2 protein chains.
Amino acid sequence: MSSAPVVPAAPTDGAKTDRWRRLRSAAIDLFAERGFAEVSIDDIAGRAGVSRRTFFNHFDSKAAALFDPDPTEQAVLASRLAEHAGGGAWTGLTTALEEHLVAEHRVVAARRQILANEPELDRHHVVANAKFEVVLHQWLREQGLAPFPARVVAGIALACVRETFMSWDAAAGPEEFTSSLRDAFALAAAGTATGISVSGGASVGL
Amino acid sequence: MSSAPVVPAAPTDGAKTDRWRRLRSAAIDLFAERGFAEVSIDDIAGRAGVSRRTFFNHFDSKAAALFDPDPTEQAVLASRLAEHAGGGAWTGLTTALEEHLVAEHRVVAARRQILANEPELDRHHVVANAKFEVVLHQWLREQGLAPFPARVVAGIALACVRETFMSWDAAAGPEEFTSSLRDAFALAAAGTATGISVSGGASVGL
DNA sequence: CGATGGATTGCACTGAGTGCAAGTGGTGCC
DNA sequence: GGCACCACTTGCACTCAGTGCAATCCATCG
């Protein structure tokens, strides 16, 4: 009980992560209540019971409080991906992404709701998505893909996620999201395997 | 000489656009000289010979001065796309994009140079790319693609642009960029037509 | 118990971004 | 020409995001 764990189960868990989550939670609640622009960092820090300065020990910016991944999230996604290594890049990638988004569905739904009211926040969301791209690209390269195909595959997968997310009504619940996402992945796989048909029918692959 | 032109050749040309270009030019020069963070908006406005307040009449933010498209650019890209309508979505899209990036190569190169020194600016660049996505997606839908395939195709094309841009040495000149971009587009078309091979060889399309 | 180091906090400061109201200059209309 | 109109510019004042610094608090380890 007293000995240090040989391998910390979740490296960033602890008081710090708790504070991080309290801050994010406060931020999400306030954004949902009043709108992003109407919430100051003092408000967030106040509701989370920490000082304004502490907010900036955890987040680089106000938007980060809404869009940054959980401190453990990168590692979790990475291990999900690792579990699916070797069984086909596309299958592994999409399975891991789906698991991941299901596990995070509460936060994902909160983001969707807030974005629905304030579309201009989409710019920050796009940036958040780009962080995923780094992880996915990295993993795909480890699976043996060259840099460029890895970029394309990651781009396709993220396009699926994005399209699903944007056309999803958060009030409809997570099941809707999951099934739509699965459809999107399947459509992408089928489309790229057979060539997504285009009007005019020119056979250019896409 | 005195009659108003029936159709304004470029709707946003004029004194306002001139100021816009002077401001962008000043911003690019200063960013290249000192680095993004070391340049204030007063600096930019000063060099462009306008007031600080006027800067904000033209740009929403400091980053916008570097990454916003030229006021005429959207229209220009749209008309390039229009020229290539009907001849196959992928071909038209990539041709228009290539033309467009060649025409803009000075600014593109400047951005590349500045990003090389300050990678953290990439977040803004990603946002700028996302604006393209809107235009491309719109055009693809007009070509008869459903929302989702349109998203995927646009995502692939932008992945090509992004990968080419990021792996390009701006000092090498625009020809390098163009030929790399063309290669990337060809690779994407071939890869998606035949299925990008993955290690393990599972036949999942990607 | 005392030392050590990470995290929190308060304070002060720079600079981004905005609202407002007062110029300023050009354009067309009488 | 004179005048009204309009779009753009400018200065001013203000809020608030974000940062550096130094003091403090607290948990853990020896």
Side-chain angles (χ1 to χ4, degrees), chain A residues 1-6 8 10-27 30-31 34-68 71-72 118 120-121 123-124 127-128, chain B residues 1-6 8 10-24 26-27 30-31 34-68 71-72 118 120-121 123-124 127:
Chain A
M1 254 206 200
S2 58
S3 65
V6 180
T12 51
D13 269 342
K16 186 170 183 180
T17 301
D18 283 351
R19 284 222 168 85
W20 189 96
R21 295 211 174 100
R22 285 237 303 281
L23 279 165
R24 178 176 70 177
S25 177
L30 286 167
F31 293 159
R34 297 186 215 163
F36 185 83
E38 307 310 315
V39 175
S40 77
I41 287 174
D42 285 300
D43 296 333
I44 302 171
R47 180 169 299 200
V50 297
S51 77
R52 169 191 148 75
R53 195 66 188 75
T54 294
F55 175 91
F56 283 109
N57 289 343
H58 292 272
F59 298 102
D60 285 344
S61 67
K62 192 164 79 165
L66 178 57
F67 292 114
D68 265 12
T72 64
E118 310 191 67
E120 66 278 11
L121 288 180
R123 44 169 53 220
H124 300 291
V127 173
Chain B
M1 249 204 208
S2 56
S3 66
V6 180
T12 52
D13 270 343
K16 186 169 183 181
T17 302
D18 284 349
R19 284 223 168 85
W20 189 97
R21 294 211 174 101
R22 286 236 303 282
L23 279 165
R24 178 176 71 176
L30 287 166
F31 293 159
R34 298 186 213 163
F36 185 82
E38 307 310 315
V39 175
S40 77
I41 287 173
D42 286 301
D43 296 334
I44 302 171
R47 180 167 299 198
V50 298
S51 78
R52 169 193 146 73
R53 195 65 188 75
T54 293
F55 175 92
F56 284 108
N57 288 342
H58 292 273
F59 298 102
D60 284 344
S61 67
K62 192 163 77 164
L66 179 57
F67 291 113
D68 265 12
T72 64
E118 310 191 66
E120 66 278 11
L121 288 180
R123 46 170 50 221
H124 299 291
V127 173

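Chain letters run A, B, ... following the sequence lines, proteins first and then strands; every chain starts at 1. All values derive from a computational prediction rather than experimental measurement.
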List in chain and number order the residues that pass side chain to side chain contact (heavy atoms under 4.5 Å, CB included) with B:Ala63, two or more places apart in sequence or in another chain; answer none if no residue qualifies. B:Phe36, B:Ser61, B:Phe67, B:His124

Side-chain touch A:Lys62/A:Phe31, heavy atoms, less than 4.5 angstrom: yes

Protein heavy-atom contacts under 4.0 Å, written 5' to 3' over nucleotides 8-18 of chain D as B (base), S (sugar-phosphate only) or - (none), form the string SBBBB----BB

Between B:Asp18 (CG) and C:dG25 (P), how many Å, whole number? 18 Å

Rounded distance in Å - CD (B:Glu38) to P (C:dA16): 11 Å

Between A:Asp68 and A:Arg24 (salt bridge meaning N to carboxylate O under 4.0 Å), is one present in this structure? no

Using a 6.0 Å cut-off, check whether atom CZ of B:Arg123 has over 12 heavy atoms from anything other than its own residue. no

Can you find a pair of side-chain heavy atoms, one from B:Lys16 and one from B:Asn57, that are under 4.5 Å apart? no

